Amino acid sequence: MATNAAEISQAAGETVDVVADRLQQLGASTSGNELTLDEKYQLCRSIGAECIQDEELRNLLEKKPNPVAYDGFEPSGRMHIAQGVLKALNVNKLTRSGVTFKFWVADWFAQLNNKMGGDLNKIQTVGKYMIEIWKAAGMDMTRVEFLNASDEINKRPNEYWTLVMDIARQNTLARITKCCQIMGRSESDNLSASQIFYPCMQCADIFFLKADICQLGLDQRKVNVLAREYCDQCKPKRKLKPVILSHEMMPGLLQGQEKMSKSDPNSAIFMEDSAAEVKTKIKKAFCPPEQVEGNPCLAYIRLIILPWFNSFEVQRKEDKGGNKTYTTMADIDQDFSSGALHPGDLKDALTVSLNRILQPVRDHFENNAEAAALLKKVKSYKVQVGDVVQLNCTKLALGARGVCRHVSGLVVFTDALPGEELTARVNKVKKGYAEATKVTTLQNALNPADPPCPHFLVCGGCNYQNLQYHAQLHAKQQQVSETLQRIGGISNCDDVLLPIIPCQQQYHYRNNMQFTFSEAPFQQKESSSGNCMHTRSDTAKRVVVGLHRVNNPSEVVPIEACSLQHDSANTLLQAAAQALALSPTQPQQLSAFNPATQRGLLRQFILRRNSKNQYMVIVSTTSFQPALLEPLVTALQNCNVEILSVINTVIPLEGGMKLHHRKASKRKGSGSKRQQYHILFGSPTITERLCNLEFQISPESFFQVNSAQAEVLYNLVHKAAGLRPTDVAMDLFCGTGSIGLTLAKDCHHVYGFESTASSVADARRNAEINGISNATFVHGDLTKVAAVMGKQYPSPDVIVTDPARAGMSLEVIKYMQQSGARAIVYVSCNPATQARDISQLCTGAGARYRLKHVQPCDMFPNSAHIEIVAVLERF
């Protein structure tokens, strides 16, 4: 496996002299005989952030000309720069000191962890690919051995397994679980038997390889200490304990990341990153001015750049300080902390240096036929339905699905969080992506949280409850950014996207919740392990109320309390459930509507609440039978909750509405026009106060579900509109007029346009209640807005549009283009359709607008939804 300067030169496309110089800088040599003992010791010691023990290392180098050092790796996934370049630096220092370095290619370990679907041949191929990266990165292979664990253990199985069993016998379970950090686990995690046995095997590896030095990262320290302890436990005792030479862990590039992670692509530079990817990552890296402590960019320079080049070159204009060459970290730290070295200049120089290091690796896999073929083979490994694959979750997609990257390059969507390493079973493979269901978590996510709701991930409502709130905000900001770029074609996204506005209240914020009645509920049981199990109960004879099961709208999970709604709403929900429990199902009594058979009475149970903690309760049925509903109504009235009204919405069975998970799709010939409303008692509307205005809301009218955050949203819209006293403002998809009426005081006139007649009636009534005379609300087909508004009303100066999730039709967009409005304020709860429409407005036929800025606002904490305000200006 020897790799000399000429071979590396040919692979990297550089001259022999340049590569030889690099190897010299790395400390690479075929022998350590020319070094003194002190030089050997200092060279080896320069690797370790910690050495146990220093005197033992010195004695080892003095008495043993060619000691053995070892490190191990599981072949899978990508190789980041710490594993690639930093390891090359460390190995070359050791081999120059006369040390033989043994890499333990832990293929069996990878197979046990289901990496590459447990295919040993694929695992070993990935191992060869990683070795090829080290060659191209400048690792001197003269005194380096790569040993496949499966081959070596099979040669001497008695020796190996006797060691493993003796280590396990000599230690308590508590002592072994302390070592679980080596797998990215903690002692409190629910560990499998294999994960508990893993430290015993890794400890045995040290003695099996006859290693004198354990040269691994600080994160592997505990199992290395276990090996030293075992030397005193075994019989006979081992006098020479392995020296622990632990290198420092490179931090992640983002703020607060003590360690880079393969699972977070933004936290590290990877060996196969393109020059553009390196530039983008360093540009986004945490590097506050004049702050040295906890600065990952400075850590990269200290651990990689200076050891590699022996200098750090900063190129800048004369008026910015001119070019400067640094040769010590102390000088860099001093200039940076004083402000003499600006973060922008440091990042530019770091980018150039990193790309100089990585370019030979890129060239090697492009120009070397054998390496190119190996890379092609690794990428060709196809994922098939039924495969159990190992994945690293890098981010969350819209809809809260984890985005994972398979070693083949295939994107896999599954139920995972950023930073999580997991195995998942593939259940669908499409062109360009696959879908999978999580089997086992191998390494915890970066920012996990304990969900307070017992129904989490079953009802499908709060799909972010297991993620800390700051990480939820980061995920949503990232989703908006990527959607604008991918769908909207916005190249200057960093310039127009503003930081997301958080919500002060993360639970109990919803003023509107919709539950479903069912006779065959999805039961939730506790398993022997204490975890919740969920099964279909086909023998249920009573009606329950709950939420649709995630990914299966035909099943209903009984809910007694929802953490997104107010406690008083849960009181009403529980009262309804108890009333139903006392009413056994009979053909002529209370029965739940079954979408499959189109039979049954009860459809939905809806709670609408205002800021005064008053309620409108809506019971949706297939026919008007008030006598059958009387026990339910009585139970609600007996609660210690102020109910303004109980309304029965009737949607007949014939051509009725088939209900799906959180969404109703209308059958042909049906729609809201067929709905009938019967007031069982109280008022036909509920009143809410928002932005110093009162709004009366009908049962079927849309209103923002988070009243407190709606004020924040409407203030954003108001500011973005930039209204003048003479302006005409148009409010498209105006609903009950909540946005338009908040704008009326600052312009000449507001015209609202809406397709739902009841909402328009509410809007007109709300204008009258608030004494607003300069607001006109029009009912009509929004696809014909140009014909109606263009002929009967003046042209708008500002347009505010707040469409449903489907976005706007081409007819509406065409009208906007031709309207002459100087600004468009686009409010949306769907980043994808908003980005699509922005693209049409900015680059489509007749485009007359440019995107000014985009402001995300979190209206829906602990869920995957996000509200966005985009501002476009006419050019």
Side-chain angles (χ1 to χ4, degrees), residues 254-255 264-266 280-281 283-284 393-403 411 413 417-419 446-447 462-464 467-504 506 704-706 709-710 712-717 719-720 733 739 800-808 813 823-843 849-873:
L254 305 180
Q255 184 176 6
D264 184 359
N266 295 313
T280 298
K281 289 181 180 182
K283 181 180 179 181
K284 295 181 178 180
C393 183
T394 60
K395 59 185 176 181
L396 290 172
L398 294 174
R401 294 284 279 172
V403 180
V411 173
F413 296 98
L417 294 177
L446 294 176
N447 298 287
C462 316
N463 35 23
Y464 277 4
L467 189 63
Q468 293 178 29
Y469 188 57
H470 72 89
Q472 294 182 30
L473 297 176
H474 174 77
K476 292 181 180 183
Q477 179 88 5
Q478 185 180 42
Q479 290 163 6
V480 174
S481 174
E482 292 179 353
T483 305
L484 284 171
Q485 295 176 65
R486 188 181 69 257
I487 298 177
I490 307 301
S491 57
N492 63 330
C493 198
D494 289 343
D495 298 328
V496 299
L497 182 59
L498 303 177
I500 186 171
I501 296 176
C503 184
Q504 296 303 311
Q506 283 93 56
Q704 292 288 350
V705 300
N706 186 341
Q709 195 72 343
V712 176
L713 178 70
Y714 289 178
N715 287 333
L716 289 173
V717 174
K719 182 179 179 180
F733 308 90
I739 292 181
V800 176
T801 180
D802 185 9
R805 291 186 61 80
M808 300 188 298
I813 292 174
I824 296 173
V825 182
Y826 189 157
V827 184
S828 176
C829 61
N830 188 336
T833 54
Q834 185 189 52
R836 177 202 66 197
D837 295 345
I838 288 174
S839 177
Q840 286 289 329
L841 288 164
C842 296
T843 63
Y849 290 91
R850 68 170 64 91
L851 185 60
K852 184 179 180 182
H853 69 253
V854 177
Q855 175 65 76
C857 179
D858 191 20
M859 294 281 291
F860 318 101
N862 292 298
S863 79
H865 301 294
I866 176 70
E867 201 82 10
I868 312 145
V869 178
V871 183
L872 297 89
E873 56 186 6

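The residues of the chain are indexed from 1 along the displayed sequence. Fair warning: this is a prediction, and the values are worked out from it, not measured in the lab.
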Any side-chain to backbone donor/acceptor pair from Asn447 onto Gln468? Under 3.5 Å, distance only.
no
So, do Val871 and Gln855 sit near enough that their side-chain heavy atoms are less than 4.5 Å apart?
no
Side chain to side chain, Pro831 and Ile866, heavy atoms closer than 4.5 Å
yes
If you compare all heavy atoms of Leu396 against all heavy atoms of Ala400, which two are closest, and at what distance to 0.1 Å?
CD2-O, 3.7 Å
Could you state the interatomic distance from CG (Asp802) to OH (Tyr714), rounded to the nearest 0.5 Å?
7.0 Å
On a heavy-atom basis, which atom in Tyr469 and which in Pro861 lie closest, and how many Å separate them?
CE1-CB, 3.8 Å
Taking Thr833 for the side chain and Ala806 for the main chain, is one N or O donor matched with an acceptor at less than 3.5 Å?
no
Answer whether the closest heavy-atom distance between the side chains of Pro803 and Tyr826 falls below 4.5 Å.
yes
Heavy atoms of Gly419 and Leu446 approach each other most closely as CA-CG, 3.6 Å
Inter-residue atom distance Thr801.OG1 - Gln834.CD, 0.5 Å rounding:
9.5 Å
Check each of His474, Gln478, Glu482, Gln479 against Lys395 using the side-chain hydrogen bond (donor to acceptor under 3.5 Å, both in side chains) test, and report the only one that passes.
Glu482
Looking only at non-hydrogen atoms, find the nearest pair between Gly488 and Ser839 and report the distance.
O-CB, 3.6 Å
Please lay out, stage by stage, how Cys842 and Leu872 fare under the test side-chain contact (heavy atoms from CB on, under 4.5 Å).
CA-CA 8 Å; Cys842 296; Leu872 297 89; 3.6 Å; yes
Give a yes or no on whether the backbone of Met808 and the side-chain of Asp837 come within a donor-acceptor separation of less than 3.5 Å.
yes
Donor-acceptor check, side chain of Asn492 to backbone of Asp495, threshold 3.5 angstrom: yes or no?
no
Heavy-atom side-chain proximity of Glu867 to Gln704 below 4.5 angstrom
yes
Could you walk me through whether Ser481 and Gln485 satisfy the side chain to side chain donor-acceptor pair (under 3.5 Å) test, starting with their C-alpha distance in whole Å, then the side-chain angles of each, then the deciding distance to 0.1 Å, before giving a yes or no?
CA-CA 6 Å; Ser481 174; Gln485 295 176 65; 3.0 Å; yes
Rounded to the nearest 0.5 Å, what separates atom CD1 in Ile501 from atom CD in Gln477?
10.5 Å
For Cys503 against Gln506, the heavy-atom pair lying closest together
O-NE2, 2.6 Å
Gap between atom CG of Asn830 and atom CD1 of Ile868 - 0.5 Å precision
7.5 Å
Counting C-beta onward and ignoring hydrogens, is there a side-chain heavy-atom pair between Leu497 and Pro856 closer than 4.5 Å?
yes
Using modelled atom types only, decide if a donor and an acceptor are shared between the side chain of Arg805 and the backbone of Cys829 within a distance under 3.5 Å.
yes
Ser863: what forms a side chain to side chain donor-acceptor pair (under 3.5 Å) with it, not counting sequence neighbours?
none
Name all residues meeting the side chain to side chain donor-acceptor pair (under 3.5 Å) criterion together with Gln472; count only those two or more places apart in sequence or in a different chain, and write none if there are none.
Asn862
Taking C-beta and beyond as the side chain, do Val705 and Phe860 meet within less than 4.5 Å on heavy atoms?
yes
Return the minimal non-hydrogen interatomic distance between Ala870 and Leu851, and the atom names on each side.
CB-CD1, 4.2 Å
Could you grab the distance from atom NE2 of His865 to atom CG of Asp858, nearest 0.5 Å is fine?
11.5 Å
